[in-house]
**Q** 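Right, I'll just put the structure down here and ask away after.
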Amino acid sequence: MIIFNSGAQLKLYLKNLQNQQKSLGFVPTMGALHRGHISLIEAARAQCEPVVCSIFVNPTQFNDLSDLQNYPRTFEADCQMLESAGCDVVFAPAVSEMYSAKELELKRLAVEDKSWAEGRTVDFGVLAEVMEGAHRPGHFNGVAQVVSKLFRIIEADKAYFGQKDFQQLAIIRSMVKQLGMPVEIIACPIVREANGLAMSSRNERLTAEERNIASLISKTLFKVKELKTSQTIADLKAIAAEEIKTEPKIQLEYFEISDTETLQPIADYSQNKNAVACIAVKLGSVRLIDNVVF
Ligand code: PAF
């Protein structure tokens with residue numbers, strides 16, 4: 001496995017690879033890798049050669065400075081996991097490699113005066129107005145900004161994303177379509193811990209007790225899924241809110257049942273069966289999201 005910090009050197013290396021027969025696979029990450037990420041590497045490994053993984057904690061997608069500062073950074077352990085999973089290339093750029101000072105300043109100003117729409121090159125429309133988009137203003141601008149930069153450097157044939165970030169996947173697909181990028185986006189299933197908690201780098205910040213408690217998040221989603229045909233959407237939402245309330249340490253941020261394509265809330269499951277239930281909660285200082293497709 002070879003590690004690059006420079007985008008230009010990585011680009012040159014990938015160009016010089018004579019492997020025209022096989023697809024180039026790419027897994028973008030922010031590090032603090034877990035089995036969920038490794039499942040993406042394995043999916044890429046099965047279809048591609050080489051497999052490139054980026055590790056970059058992207059400052060422009062954080063709208064909360066303490067979340068950025070507390071984001072776990074475990075580069076050595078990440079590289080060991082990647083090597084064992086058969087990753088060929090790691091791209092680990094510094095912030096200055098990915099962003100000019102001007103871009104970072106613009107982001108800082110956007111956070112301060114909430115002028116998210118300015119300087120935006122892709123318009124996600126209503127896709128970005130709900131759920132994560134509504135609760136983390138500017139987040140998807142930052143995600144699209146870094147992913148488009150990474151796509152331009154790596155020029156992958158296939159890029160792999162986890163379905164835990166359901167809305168992110170829709171945003172990336174929309175971006176790729178709008179910018180006409182020649183990369184196939186592949187969605188991979190959520191990987192869960194034994195108690196059902198969706199794997200996330202943020203789980204590292206939970207205590208053992210909180211990890212136990214956090215199993216309520218997926219239990220709630222699966223319960224709602226089970227009841228999907230016997231209850232109205234309004235009742236399903238009320239049931240989810242009641243379930244979450246049984247654990248005082250968990251604060252519900254949102255629970256939505258949405259169309260899987262448009263991500264807009266649906267009114268009636270019998271009229272729209274392409275539904276996904278999405279949830280975001282705060283457990284202590286840690287924000288967790290999860291979803292289940294009906
Ligand atoms: O899903 C993530 O880890 C990040 O949002 C991504 C796609 C690597 C962009 O920074």
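One-based numbering, in listed order, for ligands and for the atoms of each.
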**Q** Relative to each other, are the rings of Tyr13 and Phe4 parallel, tilted or perpendicular (30° and 60° limits)?
**A** tilted

**Q** Give a yes or no answer on whether the side chain of Glu49 reaches the backbone of Lys22 with a donor-acceptor pair at less than 3.5 Å.
**A**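 The answer is no, because no donor-acceptor pair under 3.5 Å joins these two groups.
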
**Q** For ligand 1, which is the ligand I care about here, please tell me if Asn58 has any N or O atom under 3.5 Å from one of the ligand's N or O atoms.
**A**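 In fact, backbone or side chain, Asn58 has no N or O that close.
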
**Q** Of all the atoms in ligand 1, which lie at a distance below 4.0 Å from a heavy atom belonging to Gln61?
**A** 4 (C), 5 (O), 9 (C), 10 (O)

**Q** Distance under 4.0 Å to a non-hydrogen atom of Gln168: what atoms of ligand 1 satisfy this?
**A** 1 (O), 2 (C), 4 (C), 5 (O), 7 (C)

**Q** At under 4.0 Å between heavy atoms, is it the side chain or the backbone of Thr29 that contacts ligand 1, or both, or neither?
**A**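 Just the backbone.
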
**Q** What residue and heavy atom of the protein are closest to atom 3 (O) of ligand 1, and at what distance?
**A**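 Closest protein heavy atom to atom 3 (O) of ligand 1: Met30 CG, 3.7 Å.
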
**Q** Going by the order shown, which atoms of ligand 1 are within less than 4.0 Å of some heavy atom of Pro28?
**A**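 Near Pro28, the atoms of ligand 1 are 8 (C).
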
**Q** Is a side-chain donor-acceptor pair under 3.5 Å present for Asn58 with Tyr99?
**A** yes

**Q** So, taking the atom named CD in Glu226 and the one named CG in Leu236, what distance separates them when rounded to the nearest 0.5 Å?
**A** 11.5 Å

**Q** Kindly give the heavy-atom pair with the smallest separation between Ala144 and Phe124, and that separation in Å.
**A** CB-CZ, 3.5 Å

**Q** Just which atoms of ligand 1 are under 4.0 Å from any heavy atom in Val146?
**A** 9 (C), 10 (O)

**Q** How long is the gap from OG on Ser215 to CD on Glu193, to the nearest 0.5 Å?
**A**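 Going from OG on Ser215 over to CD on Glu193, the span is 10.0 Å.
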
